[in-house]
Protein chains: 2
Amino acid sequence: MRVRDEHKEATIRQKAMEMIVAEGFHGFSMQRLAKAANVSPATIYIYFKNKEDLLNSLYNDVHQTFARVALENFDPNASLEDGLWLQWKNRMKFIFEYPSHYRFYDQFRNSPLIHHKDIKESGFKEAMKSFVMNAIIRDEMARIEPETFWSIAYGPFYSLLNFHLMGKSMMSDQYTVSDEKMKRLLRLVLKALRP
Amino acid sequence: MRVRDEHKEATIRQKAMEMIVAEGFHGFSMQRLAKAANVSPATIYIYFKNKEDLLNSLYNDVHQTFARVALENFDPNASLEDGLWLQWKNRMKFIFEYPSHYRFYDQFRNSPLIHHKDIKESGFKEAMKSFVMNAIIRDEMARIEPETFWSIAYGPFYSLLNFHLMGKSMMSDQYTVSDEKMKRLLRLVLKALRP
DNA sequence: AATATAAATGAATGTTCATTCTTTTATAAT
DNA sequence: ATTATAAAAGAATGAACATTCATTTATATT
């Protein structure tokens, strides 16, 4: 029998993401995607049940990659500063390496059609939990509700990042954020978290 | 001559926002909007040049309302704590009073089709600038780059808010955030900003 | 009351959409 | 080499789309 050209699926996925990032969910259609990926519309339906399935698959894919990258080299026993900095750096690496993945992710997350089933959490929560517990025990950090911790530990990070990704920075047209700037931000965050 | 029924335009606007919040940009169409607002499709084109014009108009409307509400009773000479708390409260009031406006705004902002022309800034930036300058002079706050200040002062706020709006809070199903919780968050933020 | 005018309409336009159908093509197994 | 099978294609389907057109309706002015 004829064998699947896995390269085709990869192309479809990549082009779909690019189209959505460039033109949003409106302006995205299966026929235009087929043209962009150089396949027949019918071919897409070999790999994906329908449009919704394709979008969900893309989302889950990005979500899992993101979660995996965020925890690369992560040690739950690291100090609060080291652990948080590693996670920030991991996320930045991913975001600046695959900007369209992140933009797609962000756009999808803010859209109403999320069914976040099928998403494997891959021990993310557990790792974070013990990381935070350690920090509290070591007295590097005050006792803070989990949501509040999350908001302080990542809210400013994403906020500053988005300033740069959206080009809303009034001062520079750089695409990345300098490590120094992020380090300065991290120091403020750590100050907030201290006991 | 026949007179315009301004109520019609308001209905169209409201229904459009509700539809987009409920079903996203996909799933939104002029014909379905016409049905939802109980008007003929052609009527929409009396009030809006086309679909894009309608969406931009909605966005600008929400943006301006939001900016106006955020500054209600705001005094640039207030202390950092009072000024920031007032803004947070104003934003919360708006967001919880008109959740669909905020969800629409968030979704639109994350979509690629933003042409943020036509947006009157209404002295927002100036007010914030002098507010921050005052705080620095009074030594309530360290010298911090504007972007970094913004990220610390609002990043955690929106992050915590979104936890609740998206129902991702694992602990409660409440729609609003308690003032106490927000106050606790504000104290952490102020700690971060201190000189 | 008559007129002028813009609001409002329902039906119609041509286009694009998601999806499917039929046919062709490549290859693994025989 | 032949066969079986799934991949891949292109054309086709009907539904939904944005927008416009011809007509009717309401009202402010005369």
Side-chain angles (χ1 to χ4, degrees), chain A residues 1-61 104 107-108 111-115 118, chain B residues 1-61 104 107-108 111-115 118:
Chain A
M1 62 166 183
R2 189 168 176 180
V3 80
R4 274 204 193 193
D5 181 353
E6 294 300 336
H7 175 65
K8 269 196 171 56
E9 187 184 343
T11 307
I12 291 169
R13 296 189 104 100
Q14 182 57 35
K15 290 288 177 189
M17 217 123 58
E18 284 171 14
M19 282 177 71
I20 289 166
V21 167
E23 312 158 42
F25 284 115
H26 52 297
F28 172 75
S29 88
M30 298 298 261
Q31 318 212 86
R32 302 211 305 115
L33 171 59
K35 196 155 267 181
N38 264 309
V39 295
S40 158
T43 302
I44 302 176
Y45 287 84
I46 293 169
Y47 294 91
F48 304 95
K49 201 159 69 69
N50 51 38
K51 194 181 175 182
E52 197 194 336
D53 180 49
L54 165 61
L55 293 175
N56 280 327
S57 173
L58 289 177
Y59 179 73
N60 287 349
D61 198 40
F104 168 81
Q107 217 176 310
F108 199 94
S111 90
L113 248 169
I114 303 185
H115 311 301
D118 294 346
Chain B
M1 62 164 187
R2 189 168 177 179
V3 79
R4 273 202 193 193
D5 181 355
E6 294 300 336
H7 174 66
K8 268 195 171 56
E9 187 184 341
T11 307
I12 291 169
R13 297 188 105 99
Q14 181 58 34
K15 289 287 177 188
M17 216 123 57
E18 285 171 13
M19 282 177 69
I20 289 166
V21 167
E23 313 157 41
F25 283 116
H26 52 298
F28 172 75
S29 89
M30 299 297 261
Q31 318 213 81
R32 302 212 305 117
L33 171 58
K35 197 155 266 182
N38 263 310
V39 295
S40 159
T43 303
I44 302 176
Y45 288 84
I46 294 168
Y47 294 93
F48 304 95
K49 202 159 69 67
N50 52 38
K51 193 180 175 182
E52 197 194 337
D53 180 49
L54 165 62
L55 292 175
N56 280 326
S57 174
L58 288 177
Y59 179 73
N60 287 349
D61 199 39
F104 168 81
Q107 215 176 314
F108 199 93
S111 91
L113 249 170
I114 302 185
H115 309 302
D118 294 346

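In what follows, chains are A, B, ... by sequence order, proteins preceding strands, each numbered from 1.
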Worksheet entry | Contacts of Phe28(A) that satisfy ring-ring contact (aromatic ring centres under 6.0 Å, His included) - sequence neighbours left out | none
Worksheet entry | Asp5(B) side, atom CG; Tyr47(B) side, atom OH - distance, nearest 0.5 Å | 6.0 Å
Discussion item. Can you work out whether Tyr45(B) or Arg2(B) has the more 5'-proximal nearest nucleotide on DNA chain D?
Written reply: Tyr45(B)
Discussion item. The criterion is side chain to side chain contact (heavy atoms under 4.5 Å, CB included); which residues satisfy it with Gln31(A), sequence neighbours excluded?
Written reply: Ser29(A)
Discussion item. Just verifying a value: how many Å separate His26(B) NE2 and Glu52(A) CD, rounded to the nearest 0.5 Å?
Written reply: 8.0 Å
Worksheet entry | Comparing Glu6(B) and Pro41(B) on DNA chain C - which has the more 5′ nearest nucleotide | Glu6(B)
Worksheet item: 5'-most contact on DNA chain C: Val3(A) or Val39(B), nearest heavy atom basis?
Response: Val39(B)
Discussion item. Looking at every non-hydrogen atom in both residues, tell me the closest pair between Arg4(A) and Ile46(A) and how far apart they are.
Written reply: NH2-O, 3.7 Å
Worksheet item: When all nucleic acid strands are considered with a 4.0 Å heavy-atom cut-off, which category describes Ser29(A): base, sugar-phosphate, or nothing?
Response: sugar-phosphate
Item to complete: Supply the atom-to-atom distance Gln107(B) CD to Gln107(A) CD, rounded to the nearest 0.5 angstrom.
Response: 9.0 Å
Worksheet item: So, do Phe25(B) and Phe25(A) have ring centers that fall under 6.0 Å from each other?
Response: no
Discussion item. Tell me which residues in residues 30-37 of chain B lie within less than 4.0 Å of DNA chain D, going by non-hydrogen atoms.
Written reply: Met30(B), Gln31(B), Arg32(B)
Discussion item. Minimum heavy-atom separation for Ser40(B) and Ala34(B), please, with both atom names.
Written reply: C-CB, 4.0 Å
Worksheet item: Could you state the interatomic distance from NZ (Lys49(A)) to CG (Asn56(A)), rounded to the nearest 0.5 Å?
Response: 10.0 Å
Discussion item. Any base atoms under 4.0 Å from Phe48(B), or only sugar-phosphate, or nothing? Heavy atoms, all strands.
Written reply: nothing
When the side chains of residues 8-20 of chain B are checked against the rest of the protein, which donor-acceptor pairs come out under 3.5 Å, sequence neighbours left out?
residue: Glu9(B); atom: OE2; partner: Arg13(B); partner atom: NH1; Å: 2.5
residue: Thr11(B); atom: OG1; partner: His7(B); partner atom: O; Å: 2.8
residue: Arg13(B); atom: NH2; partner: Ser57(B); partner atom: O; Å: 3.4
residue: Arg13(B); atom: NH2; partner: Ser57(B); partner atom: OG; Å: 2.4
residue: Gln14(B); atom: NE2; partner: Glu18(B); partner atom: OE2; Å: 2.9

Worksheet entry | Gap between atom CG of Asn50(A) and atom CG of Leu55(A) - 0.5 Å precision | 9.0 Å
Discussion item. Reading DNA chain D from 5' to 3', where do the contacts with chain A start and stop? Cut-off is 4.0 Å to heavy atoms.
Written reply: dA4(D) to dG10(D)
Fill in: Segment of DNA chain C, first to last nucleotide, that comes within the 4.0 Å heavy-atom reach of chain B
dA4(C) to dG10(C)
